[in-house]
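Below: one structure, written as structure tokens.
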Amino acid sequence: MDSMESFKQKAVVFDCAGTLVEMYRVTKELKTGIVLSDADNLQLVSGVERCGLIILDTPIDLIKSQDPDALLSDFLRTEQVPFGIAYATKGFETSDISRILLSDMTKICHFHETNEKAVAFFEDIIYEVSGFVADSNAGEISYVMSTGGKLFDNAREVMDALRDEFDIFIASGDNYENLYRVAEKLGIPDDHVFGLCNDQKKLEIVLDLENHYPYVAMVGDGLNDKLALEASDCGILISRHNYYTPDELKEVSDYILSDLGQCVEILREV
């Protein structure tokens, strides 16, 4: 973003999953075989030391095409699948993932199971993502997850209401394929999209934008939005009744809203 030319005086950064896109998550605990419907994966990670939520940057169709009995580790290596850490607790390092995968026996069939359930929830689905939770202390993958999503009904309306006054960006922990699809639907340029972002990366994006714009707002809903919400000129937290919202997010936010559409009036007044 160092060469960015600021044509507008204000920028707004949106998280994607849970903020612009309504999500349905299916998460399987590998130790017990229990399948959790619509679990908050960030919350699962937040309660465990040295634990990370890993997002696979690969089309779901590629995962679907794999032998169910194939190992996740073999799939990642053979297909050279990129991944990112969407959120991690203190002490978790990128190198922990490789160490865990060396001995991990997680099979692709678990992703087939969670993906089938996740993508069947919405009819007008535009968002499919898979990932896993890596527990460094236990040296294992503790959960696999798949998510299906659709745009919130008012997402396009919100973008249309803001774009004349704001340059609009997306910063999300999810993968680029999904984010580009969302951005196209909302009329956001690809070079305004940042994927595979953890909380630190979102913070860096907001701080960098503040070097180009007099005013930068952040709109998000999850734990990996905390630092960006706190650093922005206006931090707007979307806290829906059916989503878990930690108190620490509320404490750093300037506004707490229950619906995305409510942010338009606030942002227009700044």
Side-chain angles (χ1 to χ4, degrees), residues 1-4 11-25 40-42 45 52-63 75-76 79-88 92 94 97 111 115 118-119 125-134 144-152 155-156 158-159 166-209 212 216-229 231-232 238 260:
M1 288 184 288
D2 291 339
S3 62
M4 182 185 301
V12 56
V13 183
F14 286 91
D15 171 53
C16 191
T19 301
L20 297 175
V21 174
E22 183 178 1
M23 312 302 292
Y24 182 74
R25 300 177 175 92
D40 187 318
N41 294 313
L42 294 180
V45 172
L53 174 59
I54 317 304
I55 300 299
L56 303 182
D57 190 13
T58 187
I60 290 292
D61 286 345
L62 181 59
I63 300 176
F75 165 64
L76 297 179
E79 300 293 341
Q80 298 184 337
V81 175
F83 54 78
I85 303 173
Y87 180 72
F92 187 86
T94 303
I97 304 171
F111 291 93
N115 183 66
V119 302
I125 188 171
I126 66 164
Y127 204 85
E128 297 177 295
V129 66
S130 288
F132 58 88
V133 174
V144 300
M145 51 77 62
S146 297
T147 303
K150 71 178 187 68
L151 285 175
F152 279 109
R156 292 187 184 89
V158 169
M159 299 302 109
F166 285 81
D167 281 336
I168 302 172
F169 298 82
I170 294 176
S172 170
D174 288 322
N175 64 12
Y176 277 98
E177 181 185 13
N178 283 292
L179 296 178
Y180 286 148
R181 193 180 302 127
V182 170
E184 181 181 11
K185 294 284 187 181
L186 297 178
I188 300 171
D190 283 355
D191 61 355
H192 284 202
V193 175
F194 303 93
L196 301 174
C197 295
N198 59 17
D199 47 353
Q200 187 63 40
K201 180 62 176 178
K202 291 187 181 187
L203 170 62
E204 292 172 2
I205 290 166
V206 167
L207 293 177
D208 195 14
L209 288 173
H212 298 273
V216 178
M218 174 71 195
V219 183
D221 74 304
L223 276 170
N224 60 355
D225 298 315
K226 178 185 175 183
L227 298 179
L229 287 167
S232 64
I238 309 297
L260 178 65

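The structure presented is a predicted model; accordingly, all values stated were derived computationally and were not measured.
The SG atom of Cys197 lies 11.5 Å from the CD1 atom of Ile55; values are rounded to the nearest 0.5 Å. Taken to the nearest 0.5 Å, the CG atom of Asn198 stands 9.0 Å off from the CG atom of Leu227. Between the OG1 atom in Thr58 and the CD1 atom in Ile63 there is a gap of 5.5 Å [rounded to 0.5 Å]. Taken to the nearest 0.5 Å, the CD1 atom of Ile188 stands 12.5 Å off from the OH atom of Tyr180.
Taking both residues in full, the closest heavy atoms of Val193 and Ala183 are given as CG2-CB, 3.6 Å, listed atom of the first, atom of the second, then distance. Closest of all the heavy-atom pairs between Ala17 and Ser172 is N-OG, 4.4 Å. Contact detail for Asp15 and Gly220: the closest heavy-atom pair is CB-CA, 3.9 Å. For the pair Val219 and Ile238, the tightest heavy-atom approach, listed with the atom from each and the gap, is CG1-CG1, 3.8 Å. Ala86 approaches Asn224 most closely through the heavy-atom pair O-ND2, 3.1 Å. Of all heavy-atom pairs between Glu128 and Val119, the closest is OE2-CG1, 2.9 Å.
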Under the side chain to side chain contact (heavy atoms under 4.5 Å, CB included) criterion, do Asp208 and His212 qualify, and how do the steps go?
CA-CA 7 Å; Asp208 195 14; His212 298 273; 3.8 Å; yes

Using the side chain to side chain contact (heavy atoms under 4.5 Å, CB included) rule, take Thr19 and Phe152 through it: C-alpha gap first, then chi angles, then the decisive distance, then the call.
CA-CA 8 Å; Thr19 301; Phe152 279 109; over 6 Å; no

Using the side chain to side chain contact (heavy atoms under 4.5 Å, CB included) rule, take Ile60 and Glu177 through it: C-alpha gap first, then chi angles, then the decisive distance, then the call.
CA-CA 10 Å; Ile60 290 292; Glu177 181 185 13; over 6 Å; no

Could you give me the CA-CA distance, side-chain angles and deciding distance for Leu209 and Val13, then say whether side chain to side chain contact (heavy atoms under 4.5 Å, CB included) is met?
CA-CA 9 Å; Leu209 288 173; Val13 183; 3.3 Å; yes

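Contact of the Met145 side chain with the Val133 side chain is not registered, since no non-hydrogen atoms from C-beta on lie closer than 4.5 Å. Contact of the Leu196 side chain with the Lys201 side chain is not registered, since no non-hydrogen atoms from C-beta on lie closer than 4.5 Å. Side-chain contact between Tyr24 and Ile125 is absent, with no heavy atoms from C-beta onward closer than 4.5 Å. Side-chain contact between Leu186 and Arg156 is present, with at least one heavy-atom pair separated by less than 4.5 Å. At a threshold of 4.5 Å between non-hydrogen side-chain atoms, the residues Asn41 and Tyr87 do not count as touching. Inter-residue side-chain proximity for Asp199 and Leu223 is flagged as unmet; no heavy-atom pair is nearer than 4.5 Å.
Checking side-chain atoms of Asn175 against main-chain N and O of Leu56 turns up a donor-acceptor pair under 3.5 Å. With hydrogens and angles disregarded, a donor-acceptor distance shorter than 3.5 Å links the side chain of Asp225 to the backbone of Asp221.
The number of heavy atoms from other shown groups lying within 6.0 Å of CD (Glu79) is above 12. Surrounding NZ of Lys185 are at most 12 heavy atoms belonging to other residues, nucleotides or ligands under 6.0 Å away.
Checked against side chain to side chain contact (heavy atoms under 4.5 Å, CB included), Ile97 has the following partners two or more places apart in sequence or in another chain: Ile54, Phe83, Ile85, Phe92, Leu101, Phe132.
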